[in-house]
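Down below is the structure, laid out as C-alpha cells.
For ligands, and for the atoms within them, numbers begin at 1 and follow the listed sequence.
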Amino acid sequence: RAKSSSRGEFVYFTRDMALEIRERSRLLQALRVAIERHRLFLCFQPQIALADGKVRGVEALLRWRTEDGRLIEPARFIPIAEHSGMIVGIGEWVLRMACFQQAALSRAGHNTVTMGINVSVGQLRHPRFLATLNRALEDSGATTQLIELEITESMAMEEADSLTRTLEAIKKLGVRIAVDDFGTGFSSLAYLQRLSVDRLKIDRSFIAGMCKGERDQGIPEVVIQLGHRLGLSVLAEGVETAEQAALLSRLGCDDAQGFFYAHPMEAAELLRWLESAPS
Ligand code: C2E
Ligand code: MG
Ligand code: MG
Ligand code: MG
C-alpha cells in the first residue's frame, strides 16, 4: 500500500507493472493452449441496409471460450496476439474460417450476404498475406466479391505507404476493403484518396451520443457526406436504438450494425436468424 511518500507510491506502481506483465504472459501462454485445443471460434453480426431493412452482410468476430466456459473478449487478447506475432497464425485461421462460412451461406441461399473480416496490420504486413488470402478463397470456394477486409483507420494511415501495394493487390483480386473505426484515427484524409477502399465504418463512439443534439450528429453526418462524395458506402457501427437507426437513415447512411438489430451469434444461430430475416 502506498501510504504517503512518493517512494511508497513508486513501489506500488512498479508492483502494479510487474503484475501487469505477469498477467500478460499468463494470458499469452493460455492463448497458445487455447489455439491448440481449438477454443477460438467466430461469431457473426448482421449488417442491415437502412433503406429497406434487408440483410446486407455479416462481420466475423473472434471469441475465446476458456475451459471453464467463460468468454474472453478480443479487446483483451488481440493486442497481446499482435504484440507477440501470434496474430499472423490466428488471423490466417480467421480468414479461412470466415471464407468457408461465406461459402456455406451461399450454399444455404444467402448468396448476396457479404462477409466482413477484421485484419491486423501485422497480418497485412506479412509477406505471405496475399498467398494466404488467395488460398483461403480457393480452398473455401468463397465468392471473392462478397469478402470484405476491415482495416482500422489508424492502421490504414500509419502504414499507408507500405501497405498501398498490398491493398491494391487485394482490390485486384476483387476483395472489398472497409475502413474500420472511422473517425477515431485523427488522420489525414489523403489516404482515402490514395487507397482504394469501398466502405467507411463510422466508429460506434460517434453513434452512441448522436441523438442528444444537433451538434452530436455532426460527425456521422459529415462522414456520410464525405464517404458518398468519394463514392464509398457508409456503415454505422454500434447502433443500439430505433432512434439512432431513424436518424442515420434520414442522414442517408447506407448500412447499420449493432445490438438494435442483432448481437454477434454463432454460425448455426446465424443461419436460423437469416431464415427469418428479410433478404
Ligand atoms: P470492431 O471490428 O470495431 O467490431 C465491432 C465491435 O463492436 C465488436 O466487439 C462488437 O461485438 C461490438 N458491437 C457491435 N454492436 C454493438 C453495439 O450495438 N453496442 C456495443 N457497445 N458494441 C457493439 P468485439 O467482438 O468485442 O470486438 C472488438 C474488436 O476486436 C473489434 O472491433 C476488432 O477490432 C477486434 N477483432 C474482433 N475479431 C477480430 C479478428 O478476427 N481479427 C482481428 N485482427 N481483430 C478482431
Ligand atoms: Mg470490424
Ligand atoms: Mg469497428
Ligand atoms: Mg470499433
Subject >> Gln257 near ligand 1 by a heavy-atom separation under 4.0 Å >> reply: no
**OP:** Could you list the atoms of ligand 1 found under 4.0 angstrom from a heavy atom of Pro74?
**Re:** 24 (P), 25 (O), 26 (O), 27 (O), 28 (C), 30 (O), 37 (C)
**OP:** Would you kindly specify which portion of Glu59 sits under 4.0 Å from ligand 1, judged on non-hydrogen atoms: side chain, backbone, both or neither?
**Re:** side chain
Original post:
Hey, does Glu240 come in under 3.5 Å of ligand 1, counting only N/O atoms on both sides?
Top reply: yes
Original post:
Counting each atom of ligand 1 from 1 as listed, which ones have a heavy atom of Asp181 under 4.0 Å away?
Top reply: 3 (O)
Original post:
Salt-bridged, Arg24 to Glu20, with N to O below 4.0 Å?
Top reply: yes
Original post:
With atoms numbered from 1 as shown, which atoms in ligand 1 lie under 4.0 angstrom from a non-hydrogen atom of Pro264?
Top reply: 11 (O)
Subject >> Within reach of ligand 1, part of Asn118 (heavy-atom separation under 4.0 Å) >> reply: both
Original post:
Looking only at N/O atoms, are Phe259 and ligand 1 under 3.5 Å apart anywhere?
Top reply: yes
Original post:
Hey, is Arg63 touching ligand 1 through its side chain, its backbone, both or neither, going by heavy atoms under 4.0 Å?
Top reply: side chain
Original post:
With no hydrogens and no angle check, is any side-chain donor or acceptor of Gln102 less than 3.5 Å from a backbone partner on Thr143?
Top reply: yes
Original post:
Would you say Asn118 has an N, O or S atom lying under 2.8 Å from the Mg ion (ligand 2)?
Top reply: yes
**OP:** Heavy-atom distances under 4.0 Å are what count here, so tell me which part of Ile90 touches ligand 1: side chain, backbone, both or neither.
**Re:** neither
Subject >> Arg76/Glu23 salt bridge by N-O under 4.0 Å criterion >> reply: yes
**OP:** Could you tell me whether ligand 1 has any atom less than 4.0 Å away from a heavy atom of Gly238?
**Re:** yes
Original post:
With a 4.5 Å limit on heavy-atom distance, are the side chains of Val239 and Arg204 in contact?
Top reply: no
Subject >> Under-4.0 Å heavy-atom contact with ligand 1, by part of Val239 that carries it >> reply: backbone
Original post:
Once rounded to 10 degrees, what value does the angle at the Mg ion (ligand 3) take between OE2 (Glu237) and OD1 (Asp180)?
Top reply: 100°
**OP:** Answer yes or no: is there a side-chain heavy-atom contact under 4.5 Å between Asn118 and Glu59?
**Re:** yes
Subject >> Sub-4.0 Å heavy-atom contact, Glu82 with ligand 1 >> reply: no
**OP:** In plain terms, say whether Arg63 and Glu73 are close enough for a salt bridge, that is, a side-chain N and a carboxylate O under 4.0 Å apart.
**Re:** no
**OP:** Before signing off on this row, confirm whether Leu62 and ligand 1 have an N or O atom pair separated by under 3.5 Å.
**Re:** yes
**OP:** Report, in ascending order of atom number, the atoms of ligand 1 lying under 4.0 Å from any heavy atom of Gln45.
**Re:** 14 (C), 15 (N)
**OP:** Answer whether the closest heavy-atom distance between the side chains of Arg37 and Arg32 falls below 4.5 Å.
**Re:** no
**OP:** Identify which of Ser120, Ala256, Ser205 has a heavy atom lying nearest to atom 44 (N) of ligand 1.
**Re:** Ser120
Original post:
Got Val113 and Leu146 here, is their nearest side-chain heavy-atom distance under 4.5 Å?
Top reply: no
Subject >> Side-chain touch Leu50/Asp254, heavy atoms, less than 4.5 angstrom >> reply: no
Original post:
Among the N, O or S atoms that Asp181 has, which is closest to the Mg ion (ligand 3)?
Top reply: OD1
Subject >> Shortest heavy-atom approach to atom 6 (C) of ligand 1 - which of Glu150, Arg204, Glu237 >> reply: Arg204
Original post:
Can you find a side-chain donor-acceptor pair between Glu82 and Ser120 that sits under 3.5 Å?
Top reply: yes
Original post:
How is the N/O/S atom of Glu59 that comes nearest to the Mg ion (ligand 2) named?
Top reply: OE2
Original post:
Less than 4.0 Å between a side-chain N and a carboxylate O, is that true for Asp181 and Lys201?
Top reply: no
Original post:
If you round to the nearest 0.5 Å, how far is CZ of Arg128 from CG of Leu133?
Top reply: 13.0 Å
**OP:** Indicate yes or no: at least one non-hydrogen side-chain atom of Leu195 is less than 4.5 angstrom from one of Lys171.
**Re:** no
Original post:
By atom name, which N, O or S atom of Glu150 is the nearest to the Mg ion (ligand 2)?
Top reply: OE1
